[in-house]
Amino acid sequence: MAEKKSIEERVKEMIVEQLGVNPEQVTPKAKFIEDLGADSLDTVELVMAFEEEFNVEVPDEEAEKLQRVGDVVRYIEEHVEEES
Amino acid sequence: MTRRVVVTGFGAVTPNGNDTDALWESVRNGRSGIGRVTAFDTAGYDCLIAGEVRGIDLSQAFRNPKEARRADRYSQLAMTAAKEAVRRSGLLIENEDPSRVGVIVGSGIGGLKTLEDQHTVLLQKGPKRTSPLMIPMMITNIASGMIAIEFGCQGPNFCVVTACATASHCIGEAWRLIRDHEAEVILAGGSEAAVVPLGLSGFANMKALSLRNDEPQKASRPFDRDRDGFVLSEGAGIVVLEELEHAKKRNASILGEIIGYGLSADASHITSPDPNGSCAARAMISALKRAGKTPEEIDYINAHATSTQQGDLCEALAIQSVFGAHTKDVPVSATKSMTGHCLGAAGAVELILCLQALEAQLIPPTINLDNPDPACHLHHVPSQARESVLRVAMSNSFGFGGHNASLVVAKFQ
């Protein structure tokens, strides 16, 4: 059976798909707006997609803090239930 | 002195081909672009046919995949047509004063697919899940905005929404703005992508569509006795309008001159045309007057004629009333017999066909005109394109809501 993808890999794939960026740009330190060219609509859309994909809820005040790719991965790892 | 407005580029993506060369090649040869709907499963639908744009990756018109993904299909079609139009014009917008370059590109309906998809999301997943891009993707003016962003056009920008007269009004208003010194160049036209479940069912339930499902290519038959409705098509058409001296200064090739534009309203019924066509006639008369042309000087009319019983008849009556005794001499064709009805893009696609006809000195035909309706007594060009001396052509567009627009275009001299 194929290895299940890690949260980090899945997050990265979603960012590549939605922002149309190269996978190598999506490093843990990359900032969505400054480094990956996201605008305010993209960030809302991405958070929604993460909520749906990982079945987590990200309150608006938390979403504002998720500025880097690594912030998102950490947030999801901390809040996701019954993964793996 | 009145500023003259010429066309220096055009682009189109239609069921008859994905650029204007392919469109002309198809239409001059009397080929239909209509077929069975492939975009979605039509089980349970009355109408199973449409004119679809096929065999093109519309995302290629965008700088990156993200921009393409954030555009509804109608905006993707518009961008594709705009790219062709600007390329053909040879205009380097980056070298222009951006405040003197405008965009007026409309749509009859806008992003219907986006609305449909997001309504499904709303019902299935609730209000917290609808996309933040839904509104910007579906609004009818966003194509005009996106094209301005792509090319950096900071001049006049809006869109007219007059159903099936949309593109003609957009082009006419652009013509007026350039004449009035508001801009030197305007990309004008229309786009439509309503071949989606809501569009097909909605028009079918109005009893507006042809149900000739077994013979898709014979379904659109304007002025034929056995016409039974229009064929829903998608597509986009955009022209580059430019002030004459501006075009000359950069040695642009001039494809024709817009010389007249007339508008009127039926004020009669929300969807049915004014029964005697007198208001549509007024748009034609007004366009002729603006052009300084008599009916005898019109060498070709590209009719709005969509293949509905009432619409074609009313237009024929209107043409008869405007052209009088000359009606028997002025060739009329309905290219929607081949393209189907591109709604908000139709007026631009048909103006482009008029320009191509002027260039080729060839009148594209009305196909499927097997038994001309005697009530639509006009000088038809059935089945095959006809060579003719063409100097001035008229293009008519009439939309639900009773909106009428006529454009008059001349070979440049």
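Proteins get letters first, then strands, A, B, ... in listed order; numbering begins at 1 in each. Fair warning: this is a prediction, and the values are worked out from it, not measured in the lab.
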* Who in residues 44-52 of chain A is close to chain B, using a strict under-4.5 Å heavy-atom cut-off? -> A/Val44, A/Glu45, A/Met48, A/Glu51, A/Glu52
* Asked: Going by residue number, which parts of residues 78-93 of chain B are within reach of chain A, meaning a heavy-atom gap below 4.5 Å?
  -> none
* Asked: Are the side chain of B/Lys66 and the backbone N or O of A/Gly37 linked by a donor-acceptor pair below 3.5 Å?
  -> yes
* Asked: Within a radius of less than 6.0 Å around CG of A/Asn55, do more than 12 heavy atoms belonging to other residues, nucleotides or ligands occur?
  -> no
* Asked: If contact means a heavy atom pair closer than 4.5 Å, which residues of residues 18-31 of chain A contact chain B?
  -> A/Gln18, A/Leu19, A/Gly20
* Roughly how far, to the nearest 0.5 Å, is CG of A/Leu41 from CZ of B/Arg70? -> 5.5 Å
* Structure fact -> Expected contact set for residues 120-132 of chain B against chain A at heavy-atom separation under 4.5 Å reads B/Lys125, B/Lys128, B/Arg129, B/Thr130, B/Ser131, B/Pro132
